[in-house]
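Notes follow once the structure below has been shown.
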There are 2 protein chains.
Amino acid sequence: MPPPPAARAKVLEAFATLLVTQGERAATLDAVAAEAGVSKGGLLYHFGSKVALAEGLMALLRELTAADVETMRAWPAGPVDYFIRTSADSDSAFELVYVAVSRLAQGSYPQARGALDDAHDAWTGAVLEVVGDPVVTRAIMLIGDGLYAQASEHFAGGTSAASAASPAGGSIEDLLALIDQMVALRAPRG
Amino acid sequence: MPPPPAARAKVLEAFATLLVTQGERAATLDAVAAEAGVSKGGLLYHFGSKVALAEGLMALLRELTAADVETMRAWPAGPVDYFIRTSADSDSAFELVYVAVSRLAQGSYPQARGALDDAHDAWTGAVLEVVGDPVVTRAIMLIGDGLYAQASEHFAGGTSAASAASPAGGSIEDLLALIDQMVALRAPRG
DNA sequence: GTCTATAATCCGATAGAC
DNA sequence: GTCTATCGGATTATAGAC
């Protein structure tokens with residue numbers, strides 16, 4: 001296939017950025033066009049309607065998820081290490097798109113839930129394979145979800161004033177060490 | 001003080017309901033008035049502007065938080081049990097308002113973040129007191145945040161089709177048992 | 001206190017020039 | 001492919017009757 005026009009990608013990134021930093025309400029076609037550096041007419045050439053724009057972002061998430069799950073399964077330190085680290089990382093393109101689509105799901109695009117659930121199920125499967133215990137797996141997934149929620153909050157607000165590191169103490173390394181202990185607790189022959 | 005007009009409370013509840021089930025975009029003054037069973041003019045008598053309406057909801061969260069933290073500290077089975085159970089419960093009035101304000105924070109009302117952080121800090125303090133270890137405390141808070149995120153998803157969508165219980169297995173009781181083990185791990189003299 | 005207009009602005013989408 | 005101009009409908013807010 002021919003190289004997709006760069007404008008399309010720029011528009012999707014602008015849409016995701018606005019959704020995450022300023023919310024659904026602020027992500028208007030005018031604002032997205034301005035953020036992407038094109039006119040509203042130019043935007044509407046690539047995405048014929050706002051619904052099409054939202055669907056384009058969901059499709060992008062599905063693409064990125066496939067790549068993310070591959071990386072997760074091949075990660076040297078294991079899928080749990082990968083999942084927890086990336087959940088806490090608010091700088092990656094994947095995180096931006098994932099949180100943006102979750103904003104769509106909270107709003108007027110219930111179909112977005114499907115793309116999010118598929119990603120979540122794939123992660124859960126990979127974690128369950130190495131952890132064994134389903135309750136420990138659920139705890140790990142919930143911790144990751146919590147980190148995602150925190151990361152998305154720090155995204156928002158625009159000023160990104162590095163808000164107070166973590167209310168209760170501990171680095172990501174500390175958290176990973178605790179999770180290792182938790183895993184050992186339920187799967188003693190690890 | 002004289003009993004506050006019932007209409008005020010109905011309007012705030014309608015606003016919170018729409019924010020949580022349909023998102024920021026759908027929570028227009030028209031829609032809120034219809035949901036509350038009043039006219040737009042009637043709504044604007046109690047809350048002179050949309051910003052005032054949002055501030056009213058934040059103030060309500062602060063009131064409810066104070067009561068919630070008291071209940072949490074007096075909870076027979078302890079603050080951790082209370083926090084995890086209520087995080088998973090999507091039926092309480094408090095949960096509705098908490099999630100609604102988090103939608104405001106993600107949108108055009110960064111001040112909402114303050115009310116949310118205050119609630120979170122109060123919970124964290126109560127958990128840290130009984131758990132001792134800051135890393136375990138953080139893990140517990142993150143699990144609760146994850147449960148909140150899940151509960152808020154089930155709120156949305158309108159149809160509330162009871163979506164698949166939990167991808168990775170385990171009831172709330174299982175989760176609480178695991179957390180107890182985790183606490184014992186780091187505070188052997190508990 | 002609550003309502004019915006109505007004004008002013010904003011948003012999504014179309015038409016058509018270049 | 002990208003732009004400007006513009007229409008119709010939605011959204012916030014005001015004015016004033018009851």
Side-chain angles (χ1 to χ4, degrees), chain A residues 1-58 60 100 103-104 106-112 158, chain B residues 1-58 60 100 103-104 106-112 158:
Chain A
M1 41 189 149
R8 237 189 99 99
K10 276 204 305 188
V11 165
L12 284 178
E13 188 191 335
F15 185 40
T17 299
L18 284 172
L19 278 171
V20 170
T21 60
Q22 296 183 241
E24 194 189 1
R25 210 102 201 282
T28 66
L29 294 183
D30 270 303
V32 171
E35 174 85 18
V38 298
S39 71
K40 188 159 37 163
L43 188 163
L44 283 166
Y45 169 78
H46 294 287
F47 301 95
S49 70
K50 188 145 195 202
V51 169
L53 180 59
E55 286 168 349
L57 195 61
M58 299 179 214
L60 177 60
R103 297 287 153 89
L104 291 181
Q106 291 168 359
S108 321
Y109 302 89
Q111 326 109 292
Chain B
M1 42 190 149
R8 237 190 98 99
K10 277 203 303 186
V11 165
L12 284 178
E13 188 193 334
F15 185 40
T17 299
L18 284 172
L19 278 172
V20 170
T21 59
Q22 296 184 241
E24 194 189 2
R25 210 98 200 284
T28 66
L29 293 183
D30 270 304
V32 172
E35 174 85 19
V38 299
S39 72
K40 192 165 22 169
L43 189 162
L44 283 165
Y45 169 78
H46 294 286
F47 302 95
S49 70
K50 187 143 195 205
V51 169
L53 180 59
E55 286 168 349
L57 195 60
M58 299 178 214
L60 177 60
R103 297 287 153 89
L104 291 181
Q106 292 168 0
S108 321
Y109 301 88
Q111 326 108 293

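We use all heavy atoms of the structure for the numbers below, so side chains are in, but hydrogens, waters and symmetry mates are not. Quick note on labels: first sequence line is chain A, next is B, and so on, each numbered from 1.
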5' priority, DNA chain D, between R25(A) and G37(A) [closest heavy atom]: G37(A)

Whole-Å gap separating P (dG1(D)) and CZ (R8(A)): 12 Å

Euclidean distance, atom NZ of residue K40(A) to atom P of dA17(C) [Å, nearest integer]: 20 Å

Main-chain N/O of E24(B) paired with R103(B) side-chain donor or acceptor, under 3.5 Å: no

Side-chain heavy atoms of Q111(B) within contact of E55(B), under 4.5 Å: yes

L53(A) CG to dA13(C) P, straight-line distance once rounded to whole Å: 10 Å

Shortest side-chain distance from K50(A), nucleotide among dG12(C), dT12(D), dT2(D): dG12(C)

Contact nearer the 5' end of DNA chain C, comparing D30(A) with G41(A): D30(A)

Atom-pair distance (CG on L29(A); P on dT6(D)), nearest Å: 20 Å

Of the listed nucleotides dT12(D), dT2(D), dC3(C), the one nearest the side chain of Y45(A): dT2(D)

Validation row: F47(B), L12(B) side chains within 4.5 angstrom (heavy atoms): yes

Whole-Å distance separating the NE2 atom of H46(B) from the C1' atom of dA13(D): 17 Å

Residue S49(A), side-chain atoms from C-beta onward, closest of dC11(C), dA13(C), dG1(D): dA13(C)

Side chain of L44(B) (C-beta onward), nearest among dT2(D), dA13(D), dA13(C): dA13(D)

Sugar-phosphate, base or nothing in reach of S39(A), heavy atoms under 4.0 Å: base

Value rounded to 0.5 Å, distance of CG in L104(A) from CZ in F15(A): 5.0 Å

Separation of atom CZ in F47(B) from atom P in dA13(D), rounded to whole Å: 14 Å

